[in-house]
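Here the structure is laid out as C-alpha cells; the discussion comes afterwards.
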Amino acid sequence: ALYTLYPILRNGEYKGAVLRIEESDPAFGLSLGSIVQDMALYGLGLIAIGSYLGHYMLNRYLQPLDELQEGVGALTKGNFSYRLPQEVRTDFSPLSTSLNILGTRLEEVEKQQREFVASVSHEIKTPIAALKIITESLLDARDTVDRDTIFDFLEDVDTESERLKDIVEDLLYLVKLEQKQMRLEVDMRPISRCLEDSIHLLEPIAAQGQITLHREFSQKIFAEFDYNRFKQVFINLIANAIKYNNPGGNVFVRLFEEKDEVIIEIEDDGWGIPEEDLTYVFQRFYRVDKGRARLTGGTGLGLSIAKEVVGLHFGEINVHSTMGKGTLFRITLPKRMQVAR
Ligand code: ADP
C-alpha cells in the first residue's frame, strides 16, 4: 500500500491532516514467493547453460587429451602403426598430427632396420655357407684328395674369407658414418690431389681390364673436405667404372668449379645401369645384376658409403646412365662446409 499524508493549514496555522491510503500498484505487488520462484527459474536456466558449457569445454579439452595419452601409450609400447583420429579439429590437432608423423617415421625406421638385418644376414650367410661346403667336401675326401685339389679349394676359402672380411669392414664403416660416430677431419686441400691419388692406386687394375683412365682436370681446385674419406669415395666410383666396363673401355675423371661449389664427375662408357634401377643403386646391398654380383666381388655398399660421405660434407651425388652406353656419377661439393651449414 501507498500511504500519503497531507497537512491542512489556514493562515499558516496547522489545523489537521489527511491520510490517504492507496491500494498498491501492481508493480509493488510482487510477493517474495514469486521473486524466489523467478530466481529459481533463472538459476535453473543458468545451471543448465553452465553445465552444458562445462560439458562442452571438458569434451573439447579432455577427449583429445585422452586420445593423445592413448597415442603416446601405443607408441611407447612399440605399436608404431597407431594413428590418432584427425577428423575433428581441436586445439590439440597440431600435437596429434606431430604424433602421427612420429609414428610413421618410427614405422619406417623399424622397417628399414628389419630389412637391414635381413640383408646383412643374407650377405654374410652366403660366404659362410660357401666356406662350410668347401671344408666339408675336403674333409669328406680326406683319404683320396690330391695336393692340387686341396690348393684349389684353399684358394676358394681365401676368396670367400676375403669377401666376408670386406663385407664386415664396409658394413661397420657405413654404420659408423650413418650414426655420425666418425669424426671428419676437414681441411682446405686440393681435390685434384685426392683424385690423382685414387687414380694412381687403381691404374694397375684398369690396365688388367684394358681400361684407360682419362684425367680431365689440370688446375688445383681447393675445397674443405676429409681427405681419406673422399679418397675412399673416389676409389669406389672409379673402381666401379672399371669393374662394370668392357675391355678397351674408358673412364673419364673430371673436376671443375661453379661459384661456391666443386663438381667431380666420373664417367665410363661401360655397361650402364637400367633406368628402373637408377633410384636404388645408392641403397645398401643393391646390385643391378644379382647373379653377376659374386663374380664382380663387390660388397654392394660402395655407393651407399659414397652417398653418406658426400652427405656429411653437405654435398650431393647423383647418377645418369644409359644401358650399353655408360654411366656418369656427379658429386657437387660446397667449397666451404661452414657456408653449406
Ligand atoms: P658393388 O660393390 O656391387 O659395386 P656399389 O654400391 O658400389 O656395390 O654399386 C651398386 C651397384 O650399382 C653395383 O652392383 C652395380 O650393379 C651398379 N653400378 C655401380 N657403378 C656402376 C657403373 N659405373 N656402371 C654400371 N653399374 C654400376
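Nothing fancy with the numbering, it's 1 onward along the sequence. Both counts, for ligands and for their atoms, begin at 1 and track the order of listing.
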Side chain proximity check, Leu68 to Ser96, heavy atoms < 4.5 angstrom: yes
Asn240, Ile238, Asp170: member with heavy atom nearest to atom 20 (N) of ligand 1: Asn240
Exam field: side chain Arg229 to backbone Asp226, donor-acceptor pair closer than 3.5 Å: no
Within-shell test, Phe282 vs ligand 1, heavy atom, strictly < 4.0 Å: no
Min heavy-atom dist Trp271 to ligand 1 below 4.0 Å: no
ILVMFWY network linking Leu102 to Leu95, side-chain heavy atoms under 4.5 angstrom: yes
Ligand 1 contact by Gly326, heavy-atom criterion under 4.0 angstrom: no
Heavy-atom gap Gly270 to ligand 1 smaller than 4.0 Å: no
Cluster check Ile273, Leu328: I/L/V/M/F/W/Y, side chain < 4.5 angstrom: no
Non-hydrogen atom of Asn236 closer than 4.0 Å to ligand 1: no
Atoms in ligand 1 with a heavy atom of Ile273 nearer than 4.0 Å: 18 (N), 25 (C), 26 (N), 27 (C)
Contact check: Val281 vs ligand 1, nitrogen or oxygen atoms, below 3.5 angstrom: no
Proximity of Thr327 to ligand 1 by residue part, where a heavy atom lies under 4.0 Å: side chain
Approximate separation, where rounding is to 0.5 Å, of Ile211 CD1 and Asn246 CG: 7.0 Å
Asp269 (side chain) donor-acceptor with Asn250 (main chain) under 3.5 angstrom: yes
Inter-residue atom distance Met337.CE - Phe314.CZ, 0.5 Å rounding: 5.0 Å
